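On a predicted model such as this, the values are computed, not experimentally measured, just so you know. First the proteins, then the strands, lettered A, B, ... as listed; each starts at 1.
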Number of protein chains: 2
Amino acid sequence: MTGHATIAESLREEGYRLTPQRMMILAIIYDSEGHLSAEEIHQRVRQQYPFVDISTVYRTLNLLKKLRFITETDLGDECVRYELVDKGRHHHLICRQCGASFALEHELLAPLAPRLLEKYGFAADLDHFAIFGLCQQCRPEGPALAAKKGQQHGDA
Amino acid sequence: MTGHATIAESLREEGYRLTPQRMMILAIIYDSEGHLSAEEIHQRVRQQYPFVDISTVYRTLNLLKKLRFITETDLGDECVRYELVDKGRHHHLICRQCGASFALEHELLAPLAPRLLEKYGFAADLDHFAIFGLCQQCRPEGPALAAKKGQQHGDA
DNA sequence: GAGGTAATTGCAACTTCTTGCACAAATGAC
DNA sequence: GTCATTTGTGCAAGAAGTTGCAATTACCTC
């Protein structure tokens, strides 16, 4: 059984029906390397089933999100993206000035979970965070030691 | 000079104009205790200036957000809320099952910033996080030791 | 205080995502 | 395989937020 079929089977075990639409959306997310937007998923689905509606895509994404098979991450302006949870936990550092995005391995955030559990009894979903800020290039006291202060090399 | 007037002055120093609309929106956010939605802000503004458009509210909120006078936080479904940054940094633990929200003091998250700066040269904006997960009541191995397993006391 | 200029606003159209509803189809029983 | 049940889908309308544009107005200079 291939990867997305495993998730599909779990869906069915939870009492949800396995429709071709759901299978296709799962397969597309599974096969994709990076993060997909709802619109991208919709377009790929339509290459096979041209009559699938965008509302079905959103409803399926919300279901998969609720069951925690996928994560939804807002990677900056106009970019909500979806990805399988178990494709490896990772997070993003996103520069609010230039929009650049950097990967952040899970290890740096991981210690937070046990501390939240211990202190608040709260089991945090640290699946896929997007942390905004300023990258090295855009910090005023950045690499060139404020030589470019006031300049921007882009705008998020 | 009252609090919101200080921010207004900063706005002007940055080259932005002080319009009555902006002053009012600032005053409303400043005077409010909790987190306000765009719609709430719009309604309060209209009590004084009935002709202010919702788009002006959104544009002003986006400007204040860009200048980091306010934070925008998604506190669960259908709830994007705005708050002054310097009213004290705090974060939220939000239960995805029952929707309950718990305050999280900044201290627990604060150590992250220097580590991101050191390791990635990234100056993170750790202003106002919303961390989703399961609260003590909703965890299967929660307070009553799995007695209520399978039950939900609400739905986010 | 008057005038010029460019930022800001209100309006309307638009995009993105959600929801209600009637019909279609996945599942389970026979 | 057929039938009944109940979930899921497509469509269209709606809610939330954004954008283009002409008119307004805050701010600077005189």
**Request:** Measure from OH on B:Tyr82 to P on D:dA16 and round the result to the nearest Å.
**Result:** 13 Å
**Request:** Would you check if the distance from the ring center of B:His128 to the ring center of B:His90 is below 6.0 Å?
**Result:** yes
**Request:** Measure from CD on A:Glu39 to C1' on C:dT15 and round the result to the nearest Å.
**Result:** 10 Å
**Request:** Nearest whole angstrom, please: distance from the C1' of C:dT16 to the CZ of A:Arg81.
**Result:** 14 Å
**Prompt:** Are A:Arg12 and A:Glu9 close enough, and set up right, to give a salt bridge (Lys or Arg N to Asp or Glu O under 4.0 Å), and what steps lead you there?
**Reply:** CA-CA 5 Å; A:Arg12 202 144 74 107; A:Glu9 203 43 50; 3.8 Å; yes
**Message:** Among A:His92, A:Glu72, A:Glu40, A:His35, which residue satisfies the side chain to side chain donor-acceptor pair (under 3.5 Å) criterion with A:Arg81?
**Reply:** A:Glu40
**Asked** To the nearest Å, how far apart are B:Phe51 CZ and C:dG10 C1'?
**Response** 11 Å
**Distance, nearest 0.5 Å, that separates OG1 of A:Thr71 from CZ of B:Phe132** = 13.5 Å
**Request:** For A:Asp53 and C:dT18, give me the distance from atom CG to atom P, rounded to whole Å.
**Result:** 13 Å
**Item:** Nearest-neighbour nucleotide for the B:Val80 side chain, D:dG17, C:dG10, D:dG8 considered
**Value:** D:dG17
**Complete:** Counting primed atoms, P, OP1 and OP2 as sugar-phosphate and everything else as base, the B/S/- map of nucleotides 21-30 of chain C against protein heavy atoms under 4.0 Å is ----BBS---
**Request:** Report the distance from atom OH of B:Tyr58 to atom C1' of C:dC11, rounded to the nearest whole Å.
**Result:** 16 Å
**Message:** Within the supplied structure, the quantity of interest is the number of heavy atoms (other residues, nucleotides, ligands) at a distance under 6.0 Å from B:Arg68 CZ; does it exceed 12?
**Reply:** yes
**Asked** With the threshold set at 4.0 Å, does a side-chain nitrogen-carboxylate oxygen contact exist between A:Lys119 and B:Glu107?
**Response** no
**Asked** Between A:Leu63 (CG) and D:dT7 (P), how many Å, whole number?
**Response** 13 Å
**Shared hydrophobic cluster, B:Leu93 / A:Leu117 (ILVMFWY, side-chain heavy atoms < 4.5 Å)** = no
**Prompt:** Pick the nucleotide of DNA chain D nearest each of A:Val57 and B:Ile54; which residue has the one closer to the 5' end?
**Reply:** A:Val57
**Prompt:** Just how far, in rounded Å, is C1' of D:dT9 from CE of A:Met24?
**Reply:** 12 Å
**Request:** Establish, with yes or no, whether the OP1 or OP2 oxygen of C:dG10 is under 4.0 angstrom from a side-chain nitrogen or oxygen of B:Thr56.
**Result:** yes
